[in-house]
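Down below is the structure, laid out as C-alpha cells.
What's counted below: heavy atoms across the whole structure, side chains too, no hydrogens, waters or symmetry copies.
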Amino acid sequence: MITERNCTFRRAILASVASLAILPASAFAQATDGVDAAALDDAEIVVTGTLLRGAPPVGSNLISVGEGRIAETGATTANELLASVPQVTNLFNNVATSRLAVAANQIQVVRPNLRNLAPETSSSASTLVLFDGHRIAPVGVTQNAVDPDLIPSLAIERVEVVTDGGSATYGSDAIGGVINFVTRKRFDGARVQAHYGIANDYRQADAGAILGKDWGSGSLFAAYGYQHNDALFGRDRSFIRDVDWLSAGLTPRGRSCVPGNVQIGTAIYGLPTLASATPNTCDYGNASVVPASTRHSAIVGLHQDLASWLTVDLRAFYGERKATSFADYAGSVTVTGGANAANPAQFYYTPVPGQSATANQTVFFNFSPLLGTSAQPSGSRFREWGTNAELRASIIGDWQLRALFNYSRSSSEYHMGGFNQALLTAFGKGTTAATAINFYAPGANDLALIRQLIDTETAGQGKQELFDARAIVDGTLFTLPGGDVKLAAGYEHMRDNFQQRVAPANQPVGAIAPGQRADFVVLDTDHPG
C-alpha cells in the first residue's frame, strides 16, 4: 500500500523580540575574502547572522567569499565554491557528488556541513542554507535538504558563512551555523562562460550566461547555468578496487560473479564444477562510483529604487537536477534442498560433492551476460521554483523597515532498482522450469522469469511548498561612548506544506500510485525570527 502524508504547519514568530548591540567602529572588522573593502564603504552592509544592519554576528568572524574568490576558484557550481571554505568539512578539498547509494538517506543532494557536527545521513540538518537571507522549499522524499546548486554561479555576488550556532536568530536547524548565498542586485552587460573536460571514459561540460542592464535607479538581469557529467564506473579506474586489503593477493570481495558460487554453511564452492571450497571472486567494477548528472538553473532579478526612501528587489528562480547511477543485477538466493519424502526436488538444484544432497544452498548469481553490464539503474530528479519580493523603506534617521514575501515549491522523486524479493524466494523454490530460474547458470530460457524478477523498484515522491512573510524594523536608539545602541524588532509568519508518497516493497517499475491518505500536523516553536 502506498501512503501519502500531508504536513502543514504555521509559525507565528517574534511578535515582539528585540536585539540590542553596542557597535564600536572596530565591530565591522570581518573576513571579507574577495570583497572590495573600498566598495563596501559606500554600500549598505547587511550581514548574515544578525537582525541588525551592519552588526557582525556574535562569536566567530563572518567568512565572506566574494567575486574575487569565485573567479580564482573557477567554481561552476555553488558546492564547488564551498569546497574552498575549510569550515565546510564535508566539501573542503573534496568532490561534491550526490549520495545515491545510501538507501536510508533519500536526499540525494549534497548537504553542506559546517564543522562536521552531523553526518550527511542524519535525519536533520545542523547547517542552514539561505538564499539572500531567506529560506526556500527544500527537496527530498524521506528527508529534506536545500540544494545549494540551485542558483547559477554567475548570479552569486558572495557567500557568507557564519560558523557559530545561529539558532537564536534562525531556528534549531542553524545550530551548526549558516551559509547564505547572496545574489547580485546590479549587472550591466553580458557574460558567457563554458568549460569542457575529458578523461578516459568520462566527459564533463558546463556553461553559464548572464545578461543585464543597469539604468542607475535600478537594474534587471537574467542568468542561466547548465552542467552535465557522465557516470564514472569502478572498471574505468585501476585505483578503484573492492578487495580484501589484508589478504596476500588483494583478493576481490565480490562473490556474485560470472560464473557464480554456492554456499553451504560457511563454505563457498565455485561454479561450474563445485569441486572444491575455492570461491570465484570478482570486483564489482560495473557499479558507478560517480552518478551521471544533469542540472539546469535559472534566475531573474530586478532591483529598483521607487523613491529616495523606498527600494524593491524581486527574484524568480527555477532549478532542476537529474542523477542516475548504475550497477549489475547481481545477488544471492536460497535454493531449496534436494528430494526427500517431504520435499520434492528443486528443479535446478545442483548437489555439491561431499555435501548433503538435501541441504539448502545459497547461490550467488550475476545476470550481466543476459542483461548487460551496469543494467540496474537508480536515480533521482528534483525541481525547485519560486519567487520573492523584498521592500526596504527608510523611516526616520537610520531607522529602516524591511519586508519580505517569499514563496517557493519543490518536487522530488527517486527510484532504486532491485529484485522482487517475493518472486526471488519463489523462483528459488520452483519445482518446474516454469516456476524456477537456473541461478547456477542463467541462460536465455530464464529471460522471461528474470524480467519479471527485475520489474520492481524502491520509489518515492515528495512535494513541498513554503510561504514566508516577515517584517523587521531596526535602527539606533541612542549613542554611548562605546558605540551605538541599536534595536531590531520584527514579526514572521511561515507556512510549510509537505506531501509524500513511498512505494511499498515489490512494487512494479513506474507503478507508484496514490493510496491511503493520512494528514498530520507538525508544530515548530523553535524558530525565532
Side-chain angles (χ1 to χ4, degrees), residues 35-36 39-40 42-48 53 64 66-67 70 78 81 129-137 146-160 180-193 207-226 295-320 383-395 400-410 465-474 490 492-494:
V35 181
D36 188 347
L40 289 176
D42 298 326
E44 180 184 81
I45 302 175
V46 179
V47 185
T48 306
R53 288 172 295 133
S64 184
E67 287 187 83
I70 296 174
L81 179 59
V129 176
L130 302 174
F131 289 92
D132 291 319
H134 59 77
R135 300 168 181 264
I136 64 170
V146 173
D147 186 356
D149 288 338
L150 174 66
I151 301 299
S153 60
L154 284 174
I156 298 175
E157 182 178 276
R158 67 184 186 276
V159 182
E160 295 180 340
N180 183 24
F181 293 91
V182 181
T183 60
R184 299 176 183 271
K185 288 187 177 180
R186 295 180 179 270
F187 187 81
D188 190 66
R191 182 183 301 173
V192 178
Q193 66 181 25
I210 183 170
L211 177 67
K213 176 64 177 176
D214 190 331
W215 53 85
S217 64
S219 179
L220 174 68
F221 76 88
Y224 169 76
Y226 168 83
R295 176 182 54 83
H296 301 273
S297 57
I299 185 172
V300 177
L302 172 66
H303 171 81
Q304 181 63 52
D305 297 329
L306 300 179
S308 60
W309 55 274
L310 182 61
T311 301
V312 62
D313 283 284
L314 304 176
R315 297 286 187 274
F317 65 87
Y318 174 83
E320 179 177 347
R383 289 174 292 170
E384 301 172 79
W385 59 94
T387 184
N388 65 79
E390 184 172 0
L391 298 172
R392 292 182 301 281
S394 299
I395 302 175
Q400 186 184 87
L401 169 66
R402 303 191 302 275
L404 171 74
F405 303 91
N406 172 33
Y407 177 80
S408 56
R409 297 189 65 178
S410 71
E465 63 176 353
L466 176 70
F467 172 77
D468 185 16
R470 70 169 179 259
I472 299 174
V473 176
D474 76 308
E492 181 174 21
H493 171 79
M494 184 181 297

Margin query: Would you say that Val182 contacts Asp132 through its side chain, given a criterion of any heavy-atom pair below 4.5 Å between the two side chains?
Written below: yes

Note to self: Keeping Arg184 on the side-chain end and Arg158 on the backbone end, is there a donor-acceptor pair under 3.5 Å?
What the structure shows: no

Check: Would Asp188 and Phe221 satisfy side-chain contact (heavy atoms from CB on, under 4.5 Å), going step by step from the backbone distance to the final call?
Finding: CA-CA 8 Å; Asp188 190 66; Phe221 76 88; over 6 Å; no

Check: Shortest non-hydrogen contact from Lys185 to His303?
Finding: O-CB, 3.3 Å

Notebook entry, point to check: With a 3.5 Å cut-off and no angle check, do the side chains of Arg383 and Ser410 form a donor-acceptor pair?
Noted result: no

Check: Is the shortest distance from a Lys or Arg side-chain nitrogen in Asp474 or Arg402 to a carboxylate oxygen in the other one below 4.0 Å?
Finding: yes

Check: Do we see a donor-acceptor contact under 3.5 Å between the side chains of Tyr318 and His296?
Finding: no

Note to self: Could you check, using the six-membered ring where one of them is a Trp, whether Phe467 and Tyr407 have ring centers closer than 6.0 angstrom?
What the structure shows: no

Notebook entry, point to check: Of the non-hydrogen atoms in Leu154 and Ala209, which two are nearest, and what is the gap between them?
Noted result: CD1-N, 3.5 Å

Next item on the list: Answer whether the closest heavy-atom distance between the side chains of Thr183 and Glu157 falls below 4.5 Å.
Entry: no

Checklist line | Contact summary for Val146 and Phe131, nearest pair of heavy atoms | finding: CG1-CE1, 3.6 Å

Next item on the list: Decide side-chain contact (heavy atoms from CB on, under 4.5 Å) for Ile210 and Phe187; before the verdict, give the C-alpha distance in whole Å, the side-chain angles of both, and the deciding distance to 0.1 Å.
Entry: CA-CA 9 Å; Ile210 183 170; Phe187 187 81; 3.7 Å; yes

Check: Do Asp468 and His134 have side-chain atoms, one donor and one acceptor, less than 3.5 Å apart?
Finding: no

Notebook entry, point to check: Is the closest side-chain heavy-atom distance between Trp215 and Leu220 below 4.5 Å?
Noted result: yes

Notebook entry, point to check: Gly133 and Asn180: which non-hydrogen atoms are nearest, and at how many Å?
Noted result: N-OD1, 2.9 Å

Next item on the list: Look up atom OH in Tyr224 and atom CD1 in Ile299, then write down how far apart they are to the nearest 0.5 Å.
Entry: 15.0 Å

Item checked: Residue pair Phe317, Leu150: steps toward the side-chain contact (heavy atoms from CB on, under 4.5 Å) verdict -> CA-CA 8 Å; Phe317 65 87; Leu150 174 66; 3.5 Å; yes

Margin query: Minimum heavy-atom separation for Arg135 and Asn406, please, with both atom names.
Written below: O-ND2, 2.5 Å

Notebook entry, point to check: Do Trp309 and Gln400 have a side chain donor and acceptor closer than 3.5 Å?
Noted result: no

Item checked: Side chain Thr311, main chain Arg392, donor-acceptor under 3.5 Å -> no

Notebook entry, point to check: Does the side chain of Ser408 come under 3.5 Å of the side chain of Glu384 through a donor N or O and an acceptor N or O?
Noted result: no

Note to self: Working to the nearest 0.5 angstrom, can you tell me the gap between Ile472 CD1 and Leu404 CG?
What the structure shows: 8.5 Å

Next item on the list: Look at the side chain of Asp214 and the backbone N and O of Ser219, then say whether any donor-acceptor pair between them is shorter than 3.5 Å.
Entry: no

Check: Do Ser217 and Asp305 have side-chain atoms, one donor and one acceptor, less than 3.5 Å apart?
Finding: no

Next item on the list: Can you measure from CG (Leu314) to CD (Gln304) and round to the nearest 0.5 angstrom?
Entry: 9.5 Å

Next item on the list: Measure from the side-chain N and O atoms of Arg186 to the backbone N and O of Gly216, and report whether any donor-acceptor pair falls under 3.5 Å.
Entry: yes

Next item on the list: Starting from the C-alpha separation in whole Å, work towards a yes-or-no answer on side-chain contact (heavy atoms from CB on, under 4.5 Å) for Ser153 and Gln193.
Entry: CA-CA 10 Å; Ser153 60; Gln193 66 181 25; 3.7 Å; yes

Next item on the list: Without swapping roles, check the side chain of Asp313 against the backbone of Ala389 for a donor-acceptor pair under 3.5 Å.
Entry: no

Next item on the list: Please name the pair of heavy atoms, one in Val129 and one in Phe181, separated by the smallest distance, quoted to 0.1 Å.
Entry: CG1-CE1, 3.9 Å

